[in-house]
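Structure, as structure tokens:
Everything quoted here is computed from the prediction, not taken from an experiment.
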Amino acid sequence: MIFDEEINQTIRYMKPSGIRKFFDIAATKKGVVSLGVGEPDFVTPWHIREAAIHAIERGRTFYTGNKGLSKLREAICDYYKRRFNIDYDPEENCIVTVGGSEAIDIVLRTVLQQGDEVILPTPAYVAYAAIIEMAGGKVVELELEEKDQFKLKPEVLQKYITDKTKAIILNFPGNPTGGIMTREDYAKIVPILKEHRIFAITDEIYAELTYEGKHVSLAEFEEIKDRVIVINGFSKAYSMTGYRIGYILAHKDLIDMILKIHQYTIMCASTPCQFAGIEAAFNGDPDIEEMYNSFKQRRNYIVKELNRIGLKTHVPEGAFYVFPSIKVTGLSSEEFCEKLLDEENLALVPGNAFGDAGEGYVRISYAYSLDEIKKAIEKLEHFLSVHIG
Ligand SMILES: Cc1ncc(COP(=O)(O)O)c(C=O)c1O
């Protein structure tokens, strides 16, 4: 690279996403079965697509206000009240973003100063560590464990707090583990967050895919709500990944600051897609229900099958990923995935792409048809018969 010395050195030394790296290899091969990508396989429900089409037909194709259409912010706050019983004001507490992805970026850039520590429970979604670093923060990895069902335990959290801790990222239901936190689980960590005045950035993008009980938002805890920053979006719950609509819910004073970055870098999220968001948030509950039932059925099937063929897999309580241990094979996560791709034409994601805590695991997305899942299981079973002996 000819510009090595001239460009931003944080970017120069940043590792490309372990997921992308793997799928670039898979893309060069023919006939690959992939359970690698984390996006729902449903076409966006028709009434939601129609709302975007109507917006274009009516010429609603101009910039919106920076925070997003007021009707959409109203729909989002109405949704949070209806589904999770949390009060947010559309004018004061909400910004519509370009997916949850932009939300993660602008929240971290607003909150962090050079050298601030961010506790990142891992295995974690690949973007967090990279964005923390780009924002000048320091990633402090806290390893979640399978024996704890990948939940965050108070005694573990305590160990990672220093006087530099500025924030923690919570992602329940989690990518890649499918772990969730119940109200009782949160109640144990809330006093710690309060005592140390830690910003709790809670990425609830998989909230609607909670299979045991109902999703609990950290924002329910009034005693820390001022410092809770909710990130969510339409990608996963309504199968709207390509619309790129997400949002932030937070205290007014934080929203005012976060908005400064959003207004200068993004201006506003796509206008026709914001109209689709209004339709989804007000009228999409039945669609959520239908997709949820289908995912739950696939989850039950894949967990049963993986355990049957000899890959120990805990039952994920949320999202659409399973995270089986591959330790019986004696292979590292990357070796496992490389050989699997090479020998069986099956693409999965190595667990270490999500942090060191993911070594010894692979991530399998079950946002694929049952037919594809069945094919993948056959391939895995054959692979294990060769490699376990
Ligand atoms: C945990 C988590 N957060 C955020 C995102 C980003 O979602 P989007 O930008 O599509 O809203 C993803 C996507 O995979 C994710 O898994």
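At a threshold of 4.0 Å, the pair Lys81-Asp87 counts as salt-bridged, since one of the basic side-chain nitrogens sits closer than that to a carboxylate oxygen. Arg308 and Glu381 are joined by a salt bridge, as a carboxylate oxygen and a charged side-chain nitrogen come within less than 4.0 angstrom of each other. Here Glu5 pairs with Arg12 in a salt bridge; the nearest charged N to carboxylate O distance falls below 4.0 Å. We find that Lys153 and Asp185 are not joined by a salt bridge, their nearest charged nitrogen and carboxylate oxygen being 4.0 Å or further apart. By the 4.0 Å N-to-carboxylate-O rule, Asp105 lies close enough to Arg109 to be salt-bridged with it. A salt bridge does not link Asp116 to Lys138: none of the charged nitrogens lies less than 4.0 Å from a carboxylate oxygen. A salt bridge links Lys71 with Glu74: at least one charged nitrogen is closer than 4.0 Å to a carboxylate oxygen. Salt bridge Lys151/Glu145: absent, no basic N to carboxylate O contact under 4.0 Å. Using a 4.0 Å cut-off between charged nitrogen and carboxylate oxygen, Asp41 and Arg298 count as a salt-bridge pair.
A donor atom on one side chain and an acceptor atom on the other are not found under 3.5 Å apart for Asp163 and His196. Side-chain atoms of Lys29 and Asn345 form a donor-acceptor pair, as typed in the model, at a separation below 3.5 Å. The closest side-chain donor-acceptor pair between Glu204 and Tyr80 falls under 3.5 angstrom. Looking only at atom types and distance, the side chain of Tyr206 has a donor-acceptor partner in the side chain of Lys236 under 3.5 Å away. Of the N and O atoms on the side chains of Gln274 and Thr64, at least one donor lies less than 3.5 Å from an acceptor on the other residue. Side-chain N/O atoms of Thr241 and Glu39 include a donor and acceptor closer than 3.5 Å. Residues Glu372 and Ser369 bring a donor and an acceptor atom of their side chains to less than 3.5 Å of each other. Residues Glu102 and His262 have side chains that bring a donor and an acceptor to within less than 3.5 angstrom of each other. For Ser325 and Glu146, the side-chain atoms include no donor-acceptor pair closer than 3.5 Å.
Aromatic pair Tyr301/Tyr366: centroids not less than 6.0 angstrom apart. Ring centers of His314 and Phe150: under 6.0 Å apart, within the cut-off. Between Phe84 and Tyr79, the gap from one ring centroid to the other is short of 6.0 Å. If you look at Tyr238 and Phe42, their ring centroids are not closer than 6.0 Å.
Here Leu341 contributes atom CG and Leu348 contributes atom CG; the two are 9.0 Å apart, rounded to the nearest 0.5 Å. Distance check: Ile56 CD1 to Thr61 OG1 gives 8.0 Å after rounding to the nearest 0.5 Å.
Between Leu152 and Ile168 the shortest side-chain heavy-atom distance falls below 4.5 Å.
Sequence neighbours left out, not one pair with a member in residues 91-113 passes ring pair (Phe, Tyr, Trp, His ring centres under 6.0 Å). The stretch residues 320-344 participates, sequence neighbours left out, in these salt bridge (Lys or Arg N to Asp or Glu O under 4.0 Å) pairs: Lys21-Glu334.
Its side chain within the 4.5 Å cluster rule, Ile266 clusters with Val98 among the Ile, Leu, Val, Met, Phe, Trp and Tyr residues. In this structure, Tyr63 belongs to a hydrophobic cluster whose other members, linked by side-chain heavy atoms under 4.5 Å apart, are Met267.
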- [ ] With salt bridge (charged side-chain N to carboxylate O under 4.0 Å, His left out) as the test, would you mind laying out the steps for Asp285 and Arg83 before giving the verdict?
- [x] CA-CA 9 Å; Asp285 291 2; Arg83 304 289 285 191; 3.3 Å; yes

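No donor-acceptor pair under 3.5 Å is formed between the side chain of Asp356 and the backbone N or O of Asn352. Judged purely by atom type and a 3.5 angstrom limit, Lys166 uses its side chain to pair as donor or acceptor with the backbone of Val111.
The nearest pair of heavy atoms linking Ala280 to Met240 is CB-SD, 4.0 Å. The two atoms that bring Gly310 and Val328 nearest to each other are O-CG2, 3.8 Å, heavy atoms only. Taking each heavy atom of Ala124 and Pro176 in turn, the nearest pair found is N-CD, 4.0 Å. Here the shortest heavy-atom pairing between Asn307 and Leu311 reads OD1-O, 3.4 Å.
Residues satisfying the ring pair (Phe, Tyr, Trp, His ring centres under 6.0 Å) test with Tyr88, not counting sequence neighbours, are none. Listed by chain and residue number, nothing satisfies the ring pair (Phe, Tyr, Trp, His ring centres under 6.0 Å) test with Phe354 (two or more places apart in sequence, or in another chain).
Looking at Ile76, Leu69, Ile248 one by one, the single match for side chain to side chain contact (heavy atoms under 4.5 Å, CB included) with Val96 turns out to be Ile76.
Under the 30°/60° scheme for interplanar angles, the aromatic rings of Phe320 and Phe295 are found to be tilted.
Atom CD of Glu155 is surrounded by more than 12 heavy atoms from other residues, nucleotides or ligands within 6.0 Å.
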